[in-house]
Structure formats: structure tokens, C-alpha cells
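By convention in this document, chain letters (A, B, ...) are assigned in the order of the sequence lines, proteins followed by strands, and residues within each chain are numbered from 1.
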Number of protein chains: 2
Amino acid sequence: MGEPQVKHDVFQAIADPTRRKLLKLLADKEMPVTMISGHFPMSRTAVSKHLRILSEAGLVKERRVGRENRYRLDPEPLVELKRWYGYFERFWENKMAALQLLVESDDPVE
Amino acid sequence: MGEPQVKHDVFQAIADPTRRKLLKLLADKEMPVTMISGHFPMSRTAVSKHLRILSEAGLVKERRVGRENRYRLDPEPLVELKRWYGYFERFWENKMAALQLLVESDDPVE
DNA sequence: ACGAAATGAAACCATTTGGTTTCGTATATA
DNA sequence: TATATACGAAACCAAATGGTTTCATTTCGT
């Protein structure tokens with residue numbers, strides 16, 4: 001019983017650029033740690049720690065398969081982000097109308 | 001010429017809960033620093049440093065009026081946030097449909 | 001049975017972060 | 001003019017962050 005006691009929340013989790021890249025990488029593919037770390041200019045252990053933080057925030061799920069640990073995105077906690085953002089939508093009136101068009105076009109960011 | 005050279009980006013800026021509260025506080029009201037800091041259990045100087053970070057990220061605008069420095073929300077950089085999570089929306093298909101309803105209802109978060 | 005692969009835990013380190021208190025300066029007001 | 005108010009800069013500090021290397025454990029493939 002009691003709260004889920006998450007150590008890192010979504011906002012903290014996505015604050016780091018490496019972790020944002022991790023989420024994109026794991027968005028459509030499930031991958032084991034060593035393969036994941038091949039995409040980053042740091043040690044496997046460092047990547048592993050980032051994955052841990054993402055996992056604490058609920059943004060990735062891990063699945064043990066033999067000796068490897070496979071990770072995959074779980075986008076569900078991003079809803080909190082969307083809600084938070086949604087609160088502010090009421091505050092930009094005219095200014096945002098133009099920029100909204102930019103958002104609608106879905107060229108990838110980062 | 002050259003990039004705007006922002007020290008703190010939006011993701012870092014909103015990672016801290018105090019700064020998220022600041023944004024909500026300044027969403028519809030322009031306020032001077034001392035009045036703002038009255039809403040937080042820390043020194044005026046500490047609040048001032050948070051405001052500086054938000055300012056670097058472009059999320060607040062400051063305006064000098066006499067001896068006071070008035071701050072107000074500028075939501076424009078939040079568009080980057082929307083674009084970012086917008087990328088992931090294509091990855092939550094069925095699961096998100098239900099939660100979407102929650103988002104649409106606008107009870108305040110935090 | 002044995003060696004290699006996959007991983008996390010632990011200890012360690014430098015830098016950043018979030019807070020403090022003190023001080024100087026500009027502006028308002030009595 | 002003198003005093004009080006509003007604020008940021010600076011120096012400082014403890015804890016968190018993001019990285020490293022080393023080591024032990026589990027599992028796979030000969």
C-alpha cells in the first residue's frame with residue numbers, strides 16, 4: 001500500500017538529452033542493453049543507468065530474455081506531460097495561432 | 001549572428017517542480033520578484049535564480065518598472081515540448097484512447 | 001565442463017544544482 | 001537629504017547528476 005514512490009518523475013526523466021534519444025531509439029524497437037549502448041558515446045554502464053531512470057519514471061519496460069535485458073518504450077507517462085502542457089494552452093491567444101501550423105507539420109525534432 | 005546560445009533549454013527548465021509552480025503563478029499575472037517569492041518556502045534570492053533559468057529558456061519575460069522587476073509567462077517555448085511529445089503520439093494507439101479522455105477534461109494538475 | 005557474453009552493483013570522481021547569507025546599488029519616499 | 005525598499009551578484013555549501021572502472025553473477029555456446 002502507499003504511493004508508488006517513484007524516485008524520478010517524467011519531467012526529470014526527459015530533462016536529459018541522452019534519455020530523450022533513448023526514448024526515440026526504443027520507440028518502435030525492443031533492444032537489449034549492449035545493442036542500445038552501441039548508439040551512444042559512453043559506457044554501457046552509463047547507458048544502463050539512464051535506462052534505470054527511464055524505467056523508474058515508467059517510460060520504458062524491461063523484459064529479461066535469457067542473458068539479455070530488452071527495453072522498449074512505454075509512452076503512457078507522457079500523458080502527464082500532455083496534461084501539464086494543456087493547462088498552458090489557454091494562455092496563448094493570437095501569438096500561438098501561427099506557430100500551431102508549424103506544430104501540425106510533423107517533421108521530426110532532434 | 002550565431003545561435004541564440006541558450007544556457008538552459010525548456011526541458012531542463014521545467015524539470016524542477018518549483019519552476020513549474022512559478023510558470024503557473026505567472027501564467028495570468030505579472031508580478032515583481034518579492035511578491036513572487038512570497039509564494040515559496042525559500043529565499044527571494046533562490047526564487048530569483050529560478051526566474052533567471054526560466055528567462056534563459058525564454059519561458060518568462062521580465063520588465064523593469066521603477067525599482068521592481070516584473071515577470072510574466074511567455075508560453076511560446078512550450079511549443080518545443082508539444083512537438084517533442086507529439087512525435088510519440090503515433091506510438092500510443094489503443095492504450096492512449098482511454099486516457100485521452102482524462103486529458104480532455106481540464107481539472108488542474110499539480 | 002569451460003570460456004565468452006550480457007548485465008547490474010559498487011566505489012569513485014568532477015561538475016551541476018538548488019539552496020543559503022552577505023553585500024552593493026538603484027530607486028522610491030518621508 | 002536620509003532612510004527604507006527591491007533586487008542581483010558573489011561566495012559558499014551539501015546533495016544530486018552523469019560519467020568512469022572494476023568486479024561478481026547468470027546464461028549461452030563449444
| said: Tell me which residues in residues 63-71 of chain B lie within less than 4.0 Å of DNA chain D, going by non-hydrogen atoms. | reply: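 Under 4.0 Å from DNA chain D: R67(B), E68(B), N69(B), Y71(B).
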E68(A)/R70(A) ion pair, N-O < 4.0 Å: yes
Practice problem: Using a strict cut-off of less than 4.0 Å between a Lys/Arg side-chain nitrogen and an Asp/Glu carboxylate oxygen, indicate whether R63(B) and E30(B) qualify as a salt bridge. | Solution: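 Between E30(B) and R63(B) there is a salt bridge, with a charged N closer than 4.0 Å to a carboxylate O.
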> Short question: side chain of R19(A), backbone of A13(A) - any donor-acceptor pair under 3.5 Å?
Replying inline: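 Looks like yes, one N/O pair under 3.5 Å.
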- prompt: Regarding K21(B) and the six-membered ring of F40(B), is the cationic atom NZ or CZ under 6.0 Å from the ring centre and inside 45° of its axis?
  reply: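 Here K21(B) fails the 6.0 Å and 45° test against F40(B).
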Within 45° cone of Y85(B) ring axis and under 6.0 Å: K82(A) NZ or CZ:
no
* Atom CG of L51(B) and atom C1' of dG19(C): how far apart are they, to the nearest Å? ->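 These atoms are roughly 15 Å apart.
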To the nearest angstrom, the CD-C1' distance between E62(B) and dC7(D) comes to 11 Å
Between the CE atom in M42(B) and the OG atom in S37(B), the distance rounded to the nearest 0.5 Å is 9.5 Å
Test side chain to side chain contact (heavy atoms under 4.5 Å, CB included), reference L25(A), set M35(A), H39(A), R20(A), output is H39(A)
In B/S/- notation (B base, S sugar-phosphate only, - none; protein heavy atoms under 4.0 Å), nucleotides 15-22 of chain D written 5' to 3' is --SSBBB-
| said: Hydrophobic clusters here meaning ILVMFWY residues chained together by side-chain heavy-atom distances under 4.5 Å, can you tell me if I53(A) and F11(A) are in one? | reply: no
